[in-house]
Amino acid sequence: MQAETVHVDKLSEHVGEEVVLKGWLYNSRSSGKVQFLIFRDGTGLCQAVLEKTDDKVNLFNEVKHLGQESSLCVQGIVRQDERSVGGYELAVTDVQIVHKTEGYPITLKHHGPDFLMKHRHLHLRSQRQWAIARVRHTVVEAIRKYLNENDYILVDTPIFSPAAGEDKQSLFNVDYFGEEVALAQTGQLHVEAGCLSLGKVYCFGPTFRAEKSKTRRHLTEFWMVEPEVAYLDMEGLVELAEEFTCAIVEHTLKHRRAELELLGRDLSDLKKVQRPFYQLRYSEVIDLLHSQKIKDHLEAKLEVRRKQLAELEKNIEEWTAQQESVKKQWQKEKLAQQILEARDEAGDLREQIENIPYHMELAAAFEWGKDLGGSDETIISELHDKPVCVTHYPKEVKAFYMRLDRDDPRVVENLDVLASQGYGEIIGGSMREEDFDILLNRIKEFGLDPAAYEWYLDLRRYGSVPHGGFGLGVERTVAWITGIKHIRETIAYPRMMGKLYP
RNA sequence: UCCCCGAUAGCUCAAUUGGUAGAGCGAGCGGCUGUUAACCGCUAGGUUCGAGGUUCGAGCCCUCGUCGGGGAGCCA
């Protein structure tokens, strides 16, 4: 292999040249005297075409039996061809087999989530997962870029955590030289100390929550970025959350358009993510939940879902009937696949249809003082075509450190950002209580031991200032931006209840 | 912790309401010079999640358990 090694995503710069690609066999098709090797190298897919000419009979026969995911180096001449994935292909002159793979478990056909999660270490090689990983990388890049360019200083906060940030039930306990400590579920308390040193700071790391949640929005280990700013006020906090969210979406849209399109994301939704977001105070949310508008919305949604279900059921019937008459094998298979997907979707719809009346009741019966439920958040975000900032919750349902609103001490100056399209909460944050006496009182009200928070109280003893910040969940943000249904696909190795392998 | 659904070939699913366990993909072999999850032919592949029960007979019905999916609560 004498030619220069290049990557698939740079093939357009090498048309007419002989080059080497190093990677893996994604799929292959053979047609007697020509083989199509669908090849991947981490930067993209490329079709390599190998013809059975007299000088390449041995090579042809050797490559013919290569299994999916065999590793190989392919040498050939780059040419433009519309029929090929990516628009370029390689006319093969030589192949070096690095490793022959037999019986690769993940085929290009449909697999169930359990099987794929057990093979997560291999699943990462699939196209969709590849695209999601690249979007995630860019979301994280956007986060760091925004903060760094705006003069935030990174402060790494501890993962072994002596005191709870929030409530103790959702903590993972660890034996720390005989002492029971917890894995951090937020870096916020510690980052506040950094904030009073450096002004504008952030922490960014893994976060652990032992909540026994089995839903498409939850992980037990996830990544969170938490900016914290001194001399900030509530208005500034909202502005920061909005700017931050917009910067992430904009950067990702700019650099990962191809991946988002591959994932089937409707980009027009993302283009709408512009300041200002919708602003709702908690009390306004209650009015909204009790309003005729919500009732109408849910009734309309119910009607739409019923129609969609009827339509799907009709399609399933038609496709099932067609299966009998269709002769070609691949057509049968395609129909079978369509039917499976439609059934899945129909199941989803039935569940929604069943739940909507319940959600209507929940919304109508919502009383001041309760925390917003998942269904309430979904309804609110569905009613808006861009993210919604919900603020000023009752102090009882929020953490002890959140700053009491001086105009209405029943509520705190907090902020949740709900992503659009029903993706739920991606940001949660607040102004922090800067008054020593109020904070101490709040710690006691929550039944916490003030001794454990002595160092935190010091921050109010010595040079206390108004300050605030928030946490943004990386996985939920990636799920929203990519438009994928389940958060478990947004991280390479999802940790969920009962899931620890691989 | 609670509610709903599920477990059949390596994978994805069937099995006409309790009567001899099948198909496609994948694997192996062969055919085909432009395939797009290619196609065509042949071959191999099963303790129907586990334990118990009902029955002449259980993949199917009942009880318990294990694992998985979705949701409630809680949350990023």
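So you know, we letter chains A, B, ... as the sequences are listed, proteins then strands, and number each from 1. Bear in mind the structure is a predicted one, so any value in this text is a computation, not a measurement.
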Can you tell me the distance, in whole Å, between the CG atom of L372(A) and the P atom of rA72(B)? 14 Å
Out of rA76(B), rG69(B), rA37(B), minimum distance to the side chain of K499(A) belongs to rG69(B)
Is it true that a side-chain atom of D9(A) and a backbone atom of T43(A) form a donor plus acceptor pair closer than 3.5 Å? no
Are any of the side-chain nitrogens in R40(A) or E69(A) under 4.0 Å away from the carboxylate oxygens of its partner? yes
Let's test this: given Watson-Crick or G-U wobble pairing with both distances under 3.5 Å, identify the partner of rC64(B). rG50(B)
Looking at H65(A), does any N or O in its side chain come under 4.0 Å of the phosphate oxygens OP1/OP2 on rC29(B)? yes
Using 30° and 60° as the class boundaries, would you call the ring planes of Y282(A) and Y393(A) parallel, tilted or perpendicular? tilted
Should the pair K398(A)-D416(A) be classified as a salt bridge under the 4.0 Å nitrogen-to-oxygen rule? yes
Closest approach to the side chain of K212(A), judged atom by atom: which nucleotide of rU1(B), rA76(B), rA37(B) is it? rU1(B)
Ignoring the backbone of R209(A), work out which of rG30(B), rC25(B), rA76(B) is nearest its side chain. rA76(B)
Listed nucleotide nearest any side-chain atom of T215(A), set rC75(B), rG31(B), rA72(B): rA72(B)
Inter-nucleotide C1' distance (rG18(B), rG30(B)), Å rounded: 44 Å
Side-chain atoms of N27(A) come closest, of rU12(B), rU35(B), rA37(B), to rA37(B)
rA23(B): pairing nucleotide in any strand, Watson-Crick or G-U under 3.5 angstrom: rU12(B)
Kindly assign one of parallel, tilted or perpendicular to the pair F115(A) and H111(A), based on the angle between their ring planes and the thresholds 30° and 60°. parallel
What integer number of Å spans the P atoms of rG45(B) and rG52(B)? 28 Å
Using a 5.5 Å cut-off between ring centres and planes within 30 degrees, is F36(A) stacked on the base of rG34(B)? no
Given that E89(A) and T107(A) both sit by RNA chain B, which one's nearest nucleotide is further toward the 5' end? T107(A)
Interatomic distance at P, rG57(B) relative to rG10(B), whole Å: 29 Å
Using the P atom in both, what is the distance from rG22(B) to rC32(B), to the nearest Å? 34 Å
Can you tell me if the side-chain N/O atoms of R488(A) get under 4.0 Å from OP1 or OP2 in rG69(B)? yes
Separation of R83(A) atom CZ from rU33(B) atom P, in whole Å? 16 Å
Under 4.0 angstrom between K214(A) side-chain N/O and rC2(B) OP1 or OP2: no
Within the structure, does a side-chain N or O atom of R29(A) lie under 4.0 Å from either OP1 or OP2 of rA38(B)? yes
If the P atom of rG41(B) is compared with that of rG53(B), how far apart are they to the nearest Å? 47 Å
Taking the same atom, P, in rU16(B) and in rG70(B), what whole-Å distance lies between them? 29 Å
Given rC74(B), rG68(B), rU12(B), which nucleotide is nearest the side-chain atoms of H111(A)? rU12(B)
Should R217(A) be listed as having a side-chain N or O under 4.0 Å from OP1 or OP2 of rC75(B)? no
rC60(B) to rU54(B) separation - C1' atoms, rounded to the nearest Å: 14 Å
Return no unless some side-chain N or O of H486(A) is found under 4.0 Å from OP1 or OP2 of rG70(B). yes
rA72(B), rC74(B), rG69(B): which one has an atom nearest the side-chain heavy atoms of E211(A)? rC74(B)
Under 4.0 Å between a Lys/Arg side-chain N and an Asp/Glu carboxylate O for K485(A) and D348(A)? yes
How far, in whole Å, is rC4(B) from rG73(B) if one measures between their C1' atoms? 16 Å
Donor-acceptor pair, side chain of Q35(A) and main chain of F60(A), under 3.5 angstrom: yes
